[in-house]
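Quick note on labels: first sequence line is chain A, next is B, and so on, each numbered from 1. For clarity, every value in this text was computed on a predicted model and none was experimentally measured.
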Number of protein chains: 2
Amino acid sequence: MAEATQSRRERLRAETTREIKAIALGHMADGGPAAISLRAIAREMGMTAGAIYSYFGKRDDLITALTADVYESLAQALESAHRGVPPADPADRLLAHAHAYRAWAVAHPQEFRLIYGDPVPGYLPPEAGPAQEAEHRLCAVLLALVAHAWPRAAGFQEGCDYTWDDFQPSLAALARESFPDLPPAAVALCLRLWARMHGLLTLEVYGHLRHQVADPAKLYDADMRDLIRTLGLATPKDTVTAV
Amino acid sequence: MAEATQSRRERLRAETTREIKAIALGHMADGGPAAISLRAIAREMGMTAGAIYSYFGKRDDLITALTADVYESLAQALESAHRGVPPADPADRLLAHAHAYRAWAVAHPQEFRLIYGDPVPGYLPPEAGPAQEAEHRLCAVLLALVAHAWPRAAGFQEGCDYTWDDFQPSLAALARESFPDLPPAAVALCLRLWARMHGLLTLEVYGHLRHQVADPAKLYDADMRDLIRTLGLATPKDTVTAV
DNA sequence: GCAAAGACTGAACGCCGTGTAGTAACCTCG
DNA sequence: CGAGGTTACTACACGGCGTTCAGTCTTTGC
């Protein structure tokens, strides 16, 4: 009622914008990112396709907005996974992160494809859009994790000499501000962790593991435990988490 | 002249089929898999769009054919990389494979997207098409590698009890026929190796490393060397290969 | 030499994103 | 309150897309 500060028009506009995005996400959920069609959305809303141009300049702008929302959803899933684990053991935190990442990807395969695959026929993301910030936000989550594990893992990461110049300035700045004691090699480790999880997940989400393996979750879990072992993060309680 | 056994008609047909695929690959190289349009191909060939239906039943059939060709190209690149390395050291062979994989992906990003991403708006691969066989062929290359490394790497892979039931029957059969002495855990390792390389490559090809790191090759190389170390495959000559 | 088979055209259908002109509702300000 | 500008929306048009289909013209096999 008294949220004021917005005129009636602004409220309606925000509501319609939200509805457009919601319907688009719905169409994407069944049919993939390619099924996002301005005409179909408008049809479902009882409008004409042209009307959507009052809200999004182009179809790509809608995709960009959706991408931002999906990144937000993923970031929240990962961040809440971190909050749900007592920060005692770095290995537990890493495992929690890994499983949260996979759980999100498996539960939202189309959203995963939207941000990590070809979003849509000819779409290419804006150069400095929300995607870049969102990825740094995800990196920040991993960075906290690596920072926590670094005292134990550092010894296993010798042999590669990284400098801050190896990273894009914005990422380097983020890392050095958040964790001044961390060396560049820790940031590299962070990216490698990301890629390690991402590899199995892309293969699974895009169906390439379906022809190879019965239970992708088992392979993923095993790889994560191998990761923890080779990082020098002992696993005190070796209980198998839910699969 | 005397290749006989094909009628003139069959020769022309084969030639036209090849031309269609060649043009399609060309369009894909600039513009991505989504730029493959029957009408555009026909236009470039001086034909009508409908004519292509004499050669491919649907657009998806063309995509499937292209996919098979691209898999063939990747398989040949990887297999020739194996032939180019003396089979002495498993670590060298793994490194050669890893670098051949990345070199192919970076040189053919659109082809990479075609087989590992969303090939095209609404395309979904046939259930038991050439893709499945091609993936097994790629697995076979990795399997040979793992088989060669297994004596040294086995000790580092304890802790996970795999059975042959964990894999799809066709892959299990392939592994047991080719390398009867190899345990299931070796096949799992093979898939994990694949995923390990794939993770960094997908991120790079889809532009997600661009915002993070200056030189993806360095990160990739470092990760591969870490992989070799944690596999227990010593690297006698620690020379840095070309980056 | 003739009939079957195949390659190809041209037009159509129904999708799609994107513009543009016009209309009606709404908000602001005097 | 009421004029003027802003905004949401429709209707229509354009070109591109995959796909189908009836018809034409060429090649093939008997």
Side-chain angles (χ1 to χ4, degrees), chain A residues 3-21 23-24 27-28 30-67 114 118-126, chain B residues 4-21 23-24 27-28 30-67 118-126:
Chain A
E3 56 232 286
T5 83
Q6 320 190 60
S7 70
R8 162 182 162 79
R9 213 171 200 160
E10 283 168 325
R11 256 184 297 120
L12 288 180
R13 182 180 176 81
E15 176 57 34
T16 307
T17 306
R18 211 175 309 125
E19 188 183 354
I20 292 174
K21 293 198 290 183
I23 294 180
H27 288 182
M28 189 180 68
D30 41 55
I36 300 175
S37 135
L38 297 189
R39 290 191 120 102
I41 295 170
R43 211 179 299 131
E44 188 165 334
M45 295 178 68
M47 291 197 316
T48 344
I52 299 191
Y53 285 79
S54 300
Y55 299 89
F56 299 95
K58 292 194 254 127
R59 175 154 150 287
D60 283 11
D61 295 357
L62 171 58
I63 302 290
T64 302
L66 291 179
T67 303
L114 181 71
D118 265 323
V120 98
Y123 175 86
L124 74 162
Chain B
T5 82
Q6 316 191 62
S7 69
R8 163 181 161 77
R9 214 172 200 156
E10 282 168 326
R11 256 184 300 122
L12 288 180
R13 182 180 176 81
E15 177 57 34
T16 307
T17 305
R18 210 175 310 125
E19 189 183 354
I20 292 175
K21 292 199 290 184
I23 294 181
H27 287 182
M28 188 180 69
D30 40 55
I36 299 175
S37 136
L38 296 188
R39 288 190 121 103
I41 294 170
R43 210 178 300 131
E44 189 163 333
M45 296 177 67
M47 293 198 316
T48 333
I52 299 191
Y53 285 79
S54 300
Y55 300 90
F56 299 95
K58 290 191 266 162
R59 175 154 151 286
D60 284 11
D61 296 355
L62 171 59
I63 301 289
T64 302
L66 292 179
T67 303
D118 263 323
V120 97
Y123 175 86
L124 73 163

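Rounded to whole angstrom, the span from the OH atom of B:Tyr55 across to the C1' atom of C:dT9 amounts to 13 Å. Here the P atom of nucleotide D:dT10 and the CG atom of A:Leu38 are 14 Å apart, to the nearest Å. If you measure from atom CD of A:Glu15 to atom C1' of D:dC9, you get 17 Å, rounded to the nearest angstrom. Rounded to a whole Å, the CZ atom of B:Phe56 is 12 Å from the P atom of C:dA7. Rounded to an integer number of Å, the gap from CE of B:Met47 to P of C:dG10 is 13 Å. Regarding A:Asp60, its CG atom lies at a distance of 11 Å from the P atom of C:dG17, rounded to whole Å. In this structure, B:Arg43 atom CZ and D:dG18 atom C1' are separated by 13 Å, rounded to whole Å. Distance CG (B:Leu62) to C1' (D:dC17): 15 Å, rounded to an integer number of Å.
We find that B:Glu15 and B:Arg18 are joined by a salt bridge, their nearest charged nitrogen and carboxylate oxygen being less than 4.0 Å apart.
Residues A:Ala51 and B:Tyr53 both approach DNA chain D. Their nearest nucleotides, taken by heavy-atom distance, put A:Ala51 toward the 5′ side.
Considering CD of B:Glu10 and CG of B:Leu12, their distance stands at 10.5 Å, rounded to 0.5 Å. For the atom pair B:Thr16 OG1 and B:Tyr55 OH, the distance stands at 3.5 Å (nearest 0.5 Å). If you take OG1 on B:Thr48 and CZ on B:Arg43, they are separated by 11.5 Å, rounding to the nearest 0.5 Å.
Below the 3.5 angstrom threshold, one finds a donor paired with an acceptor across the side chain of A:Arg39 and the base of C:dG17.
At least one side-chain nitrogen or oxygen of A:Arg13 sits closer than 4.0 Å to the OP1 or OP2 atom of D:dA8. Residue B:Arg11 places none of its side-chain N or O atoms closer than 4.0 Å to OP1 or OP2 of D:dT27.
Across all strands shown, B:Gly46 has heavy atoms under 4.0 Å from sugar-phosphate atoms exclusively, and none from any base. B:Ser37 comes within contact range of the sugar-phosphate backbone alone, with a heavy-atom separation under 4.0 Å but no base atom that close. Residue B:Ile36 is in sugar-phosphate contact alone, with no base atom involved, counting any heavy-atom pair closer than 4.0 Å across all strands shown.
Contact check for A:Tyr53 versus A:Leu38: side-chain heavy atoms found under the 4.5 Å cut-off.
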